[in-house]
Amino acid sequence: MPDTVRAPDGTPVNAVRGFLDIITRLVTTYRPTHLVACWDDDWRPQWRVDLIPTYKTHRVAEVTAVGPDIEVVPDPLEVQVPIIRRTLETLGIPIVGAAEHEADDVIGTLATRATLPVDIITGDRDLFQLVDDASDVRVIYTARGMSNLEIVTDATVVAKYGVLPTQYADFATLRGDSSDGLPGVAGIGEKTAATLLTAHGDLAGIIAAAEAGAGMSAGIQSKILAGLPYLAVAPTVVEVVKGLDLPGTESRLRALDDARRADAASLAEQWALGTAMTRIVDALDAAGAR
Ligand code: MN
Ligand code: MN
């Protein structure tokens, strides 16, 4: 939604309304019984940067690209984050984050310990490493927009990349990912990474084969050997954490009680959320009744 969508006081609310619409759409389409909003309490943890100094560096540059004579205009997304948090609270949708960890790690932990089927809603392909048909963990991938949602299962990952979800983190480590400032092994692209993983199983198998000088060309072998210092640290950066110590969270969807309903109505008025709020309240009512 364009940031001309504003509340009476001029605050942009396009992201708030868009976010509410997305949740309404997902709850109505996929009919979950539980819902959690996983938060980047730290979008670029220092321990990941310490291992790979370029990790997400270009995004810091984007954020701080303000010269001395440039007036600092409040970021139109950032000003909406507290409103989004407040709205989720009112709707009874828990926000879960963890200090020094990304939302990816919260998702990894919750998806791994869940006893129910899990749909991970994300536009971040890093999370493909969590896909697991056997435990009913899927990704609903939003990168192509909400009208082009893609359900990612084991077969989808195999069809896209030629590796299993359990191999995806090693695959991403080898290939690298410019969107996260992850260099990858120089000279190893997607195709070679997939071929190597198919032949040798995992990163440890590839490294062992390179050191033994068996099962790969001399050219590939020298690239892997040259990449060993990177390969020693990158997997820890790429693999999402699955064992965070998170508090128990009541995440079952339920109809709003009268107090929450009144609060939602006043938020809708203050922030001009209009039918976006009405629709999500209705969707939660329906979910709570199931
Ligand atoms: Mn990520
Ligand atoms: Mn990513």
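Start at 1 and go down the list; that is how both ligands and their atoms are numbered. Note that these values count all heavy atoms, side chains included, but never hydrogens, waters or copies made by symmetry.
- Using a 4.0 Å cut-off between charged side-chain N and carboxylate O, R254 and D285 make no salt bridge.
- Using a 4.5 Å cut-off between side-chain heavy atoms of Ile, Leu, Val, Met, Phe, Trp and Tyr, with links allowed through other members, L35 and L130 fall into different hydrophobic clusters.
- At a cut-off of 2.8 Å, D177 is not counted among the residues with an N, O or S atom near the Mn ion (ligand 2).
- Between H101 and W39, a ring centre-to-centre spacing not shorter than 6.0 Å is recorded.
- Considering just the N/O/S atoms of D180, the one nearest the Mn ion (ligand 2) carries the name OD2.
- Expressed to the nearest 10°, the angle at the Mn ion (ligand 1) joining OD2 in D104 with OD2 in D126 is 110°.
- The N, O or S atom of D124 with the smallest distance to the Mn ion (ligand 2) is OD1.
- Between Y168 and F128, the two ring planes are perpendicular [angle over 60°; tilted spans 30° to 60°].
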